[in-house]
Every structure is written in C-alpha cells, then in structure tokens.
Chemist: 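Pasting a structure below so you can have a look.
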Amino acid sequence: MNTTEDLKKLFLLNPDITYLNFGSFGATPTPIFDQYQAYQRALERDPVQFITVATSTLLKKSREALAEFIHCEAEDVVMVINPSYAVNTIAKSLNLQPGDEILTTNLEYGACDRVWDLICEQTGAKYVQQDIALPLTTEEIFIDALFSGVTNRTKLIFLSHITSATALIFPVEKVIKAAKLLGIPIFIDGAHVPGHIPLDIHSLDPDYYTGACHKWMMTPKGSSFMYVKKEHQPKIYPLAVSWGYKAAKPSASTYIDWHEMSGTMDYAARLCIPQALQFRKDYAWDQIAKQCRSLVIKNAPTFEKILGTQLLAPLDERFIGQMISVQIQSQHPELLYHTLVHEHKIEIPIMQHQDAFYMRYSIQGFNDQQDLDKLFEVIEIIKKTGLIMA
Ligand SMILES: Cc1ncc(COP(=O)(O)O)c(C=O)c1O
C-alpha cells in the first residue's frame, strides 16, 4: 500500500509547495511524463516518419483506449488540445440564427461563457444564464431552475458536469433525460470529469461532450477530447481546416479525418492516454480517488466553519467529488492569494465568479490530512490580518 509520501514522489511538483489546486491544473506523474518526453524525442529523431506515419497510429491507439475508458465508440471521439477548443468548434458549427437561445446556468466556466458571448454577438443569438440558487439543496430544484429557462427558441443546453469556481457536480444524467423529452440537444462541459468521477457516455447519451485528460487523468497538458453524437458529426466543422478535410485517403470516419490532425504540431500529450490509464491500474487509482473524496468530505465542515461561510451543497457524493469550494469574504482577494502562495507556500485558488469570491481545495492522491491542517492553520493566521473576513 503506497503512502501519500510515496505517491508524492511520483510527481514532479515542487515539494516545498502544498499543492491544493489539482482542479485548475493537474500534474503528470513521472511514468506518464517520461513516455511523453519519449514521444517528443522520437519525433525529433525522425520527424518525417514520426509525424506522417507513427502519429496517426498512436493517436488511434489513444483514441481507442480513451473510448473504452469513457464508454463510447472510438469513431465518435477525437482528441483535441483542450475543452476550450471543443467548445469553440461546436459553438461555431451550430449555425445559430438571430433569436436562437443557448440555455445554461450562471455557474459556468468563464472562458466558455466568453465563447458563447462572442458567438451570440456575431449571430444575434442569446445566451440565457439561469440563476442557480446556492447552496444547492436537491437535484430537482436545480433541474427546475435550469428548465424554467426553456423557450421555443432554445437551440441547445450547455452545462458543466462539474463546475469550476463552485466545484459542484451537476445532475447531468437527469438533465440529459429531461432535455431529450423536450427534443433539445445538450452539450456537457466535462472538463473536470475524466479520471475524477466515472463517465459513461453511452449511458448518459449527450449530443456533445468535452473533457480534459490533462486534469484528473493526469496526462501532459494539451490532451482533451471532443465527443459528438454520430447524427451531428456531419455539421461539426473543424476549427482549423487541414488535410483531413476532403481527405485524399479518407478513413472510415469523416469526423475523425476532419478533426484529428490540425497541422504540424506536438501531438505527444494526446498520445499518452494508454500510459495514463495503465498508471491508474498500476496504482489502483480508483481506490486512491475514493480516499481523496472521503478526505474532501471529512474536512468540509472545518473549512466552512473556519471561513464563517456555508457549504454550497449537501455533503453527498452526488454533488461533491475531489474538490470543494466555499464563498469567502475578502476586500483584497489578489493579495490573499499572493499571501497563501508566497508567504505560506500553499497553492490554492481564490476565484471570482460574478460578484463572489471562492476558495477551493482539490485533493489528489499525494495530499493528506496534514495538508488541510496546514491550510486551516494558515487561514487562522491570515484572518488575524483582516485579509479574510470570517
Ligand atoms: C468547467 C470548465 N470548463 C472548461 C474549462 C476549460 O479548460 P481548458 O482551459 O483546458 O480549455 C475549464 C478549465 O479549468 C473548466 O474548469
């Protein structure tokens, strides 16, 4: 049985920093990182062969391994650089018309909100952000709040599976079922999902789904996926058109041809899915993740109390995974973050979402109770300076 200390040694993370922000940027364990660099070296050794021959074979292997992990067909999922890329690709392909509506919540990721803002400015469509009352209490209340925004102009529902600043798991399974009954297509932003909570695309059956592999799956940065249901694939155009469009030698899947290769670049991060999945098996990471979730939940009441705030959802694994977030009161959030990182060596995000500020801790296999005890002690010290009001 590996201790958290043993697991910490598998990562390249600076040991002087208490790293509580795996949610923003995952870290890659050395066995996966070594393979990543091996691919980069193989490319430099023989650029032509690696790019023109090996890359497509290795990408296929990665795609197949990923498809098995997230339960979909390998022809329906393509590796992309990040979820932002997938959101841009799909948003730009929807052919929105003036008055069309994209229904979402007020708790989505800011970068994705910006994609929809721009598309709506350009097309005259409307981005409808339903207010979700916090704390979340029941899945039904959430679903009612979201669906009360449906009109006969709703063209798509766009929804996080796990939110960023508020770190909440949304009841996407029930939302997808309800959207289907209304005949509204649905796009799930699962940036935080792969490797964090189980994902079964086949049984969820969304129209579109994107997830990051470079967060909780621990692949190198620049490795994510875009799933599109078969019936929509002919209308989802590549963001960067390259040789795969009107391919000279088409494969069995036009979707893969259009999106898989976007010109000359370093594909190494995307090739590492099989190694990342092997790493999970070798270290029984599902079991480790379970322990992480328990640690998150066990410490949540202290986090809430020490910050004089309120948890954003019931302490239940339907709503909470390996991260938890609470609203904080601070007049100087940037200085607060700076103090946490530079004075106390704790990497933890202070995130603004709309008018509120949130502090979120993420727990990965190398974190332990001592990390959270240190956080709580430091919060007490900082409270005395007035940087946090609690
Ligand atoms: C909910 C959510 N969606 C989308 C993204 C975008 O991910 P990326 O910056 O890798 O494109 C993030 C990033 O943290 C996120 O938290």
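Both ligands and their constituent atoms are indexed starting at 1 by order of listing.
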Chemist: Please confirm whether C112 comes under 4.0 Å of ligand 1, counting heavy atoms of the residue only.
Modeler: yes
Chemist: Residue-level breakdown please: for V87 versus ligand 1, do any non-hydrogen atoms fall below 4.0 Å on the side chain, on the backbone, on both, or on neither?
Modeler: neither
Chemist: Evaluate S24 for polar contact with ligand 1, using N/O atom pairs at a separation under 3.5 Å.
Modeler: no
Chemist: Consider every N or O of H192 and every N or O of ligand 1, then say whether any pair is closer than 3.5 Å.
Modeler: yes
Chemist: Can you tell me the protein heavy atom closest to atom 6 (C) of ligand 1 and the distance?
Modeler: Y109 CE2, 3.5 Å
Chemist: Considering the heavy atoms of H214, write down every atom of ligand 1 situated less than 4.0 Å from one of them.
Modeler: 10 (O)
Chemist: Check the side chains of Y337 and E347 for a donor-acceptor pair under 3.5 angstrom, ignoring hydrogens and angles.
Modeler: yes
Chemist: Examine ligand 1 and decide if any of its atoms is less than 4.0 Å from a heavy atom belonging to P83.
Modeler: yes
Chemist: Would T163 count as being in polar contact with ligand 1, using the rule that some N or O on each side must be under 3.5 angstrom apart?
Modeler: no
Chemist: Can you label the angle between the H338 ring and the H342 ring as parallel, tilted or perpendicular, going by 30° and 60°?
Modeler: tilted
Chemist: Just need the protein heavy atom nearest to atom 14 (O) of ligand 1, so name the residue and atom and give the distance.
Modeler: K215 NZ, 2.6 Å
Chemist: Please report the shortest heavy-atom distance between F147 and V175, naming the atom on each side.
Modeler: CZ-O, 3.6 Å
Chemist: To which protein heavy atom is atom 3 (N) of ligand 1 closest, and what is the distance rounded to 0.1 Å?
Modeler: D189 OD2, 2.6 Å
Chemist: Atoms of ligand 1 less than 4.0 Å from I162 heavy atoms?
Modeler: 1 (C)
Chemist: With backbone taken as N, CA, C and O and side chain as the heavy atoms from C-beta onward, which portion of A191 lies under 4.0 Å from ligand 1: side chain, backbone, both, or neither?
Modeler: side chain
Chemist: Between F187 and Y209, does the ring centre distance come in under 6.0 Å?
Modeler: no
Chemist: Is it true that W116 and E121 share a donor-acceptor pair across their side chains at a distance under 3.5 Å?
Modeler: no
Chemist: Give the atom numbers and elements of ligand 1 that come within less than 4.0 Å of a heavy atom of S164.
Modeler: 16 (O)
Chemist: Can you spot which of T55, V80, V78 makes a side chain to side chain contact (heavy atoms under 4.5 Å, CB included) with E260?
Modeler: V78
Chemist: Between ligand 1 and Y85, is the shortest N or O to N or O distance under 3.5 Å?
Modeler: no
Chemist: Distance only, no hydrogens: is a donor on one side chain within 3.5 Å (strictly under) of an acceptor on the other, for T105 and Q130?
Modeler: no
Chemist: Are more than 12 heavy atoms, taken from residues, nucleotides or ligands other than D16, located less than 6.0 Å from that residue's CG atom?
Modeler: yes
Chemist: Hey, what's the ring geometry for F22 with Y19, parallel, tilted or perpendicular (30° and 60° as the breaks)?
Modeler: perpendicular
Chemist: Identify the closest protein heavy atom to atom 9 (O) of ligand 1: which residue and atom is it, and at what distance?
Modeler: S84 OG, 3.8 Å
Chemist: Between T18 and K374, does any side-chain donor sit less than 3.5 Å from a side-chain acceptor?
Modeler: yes
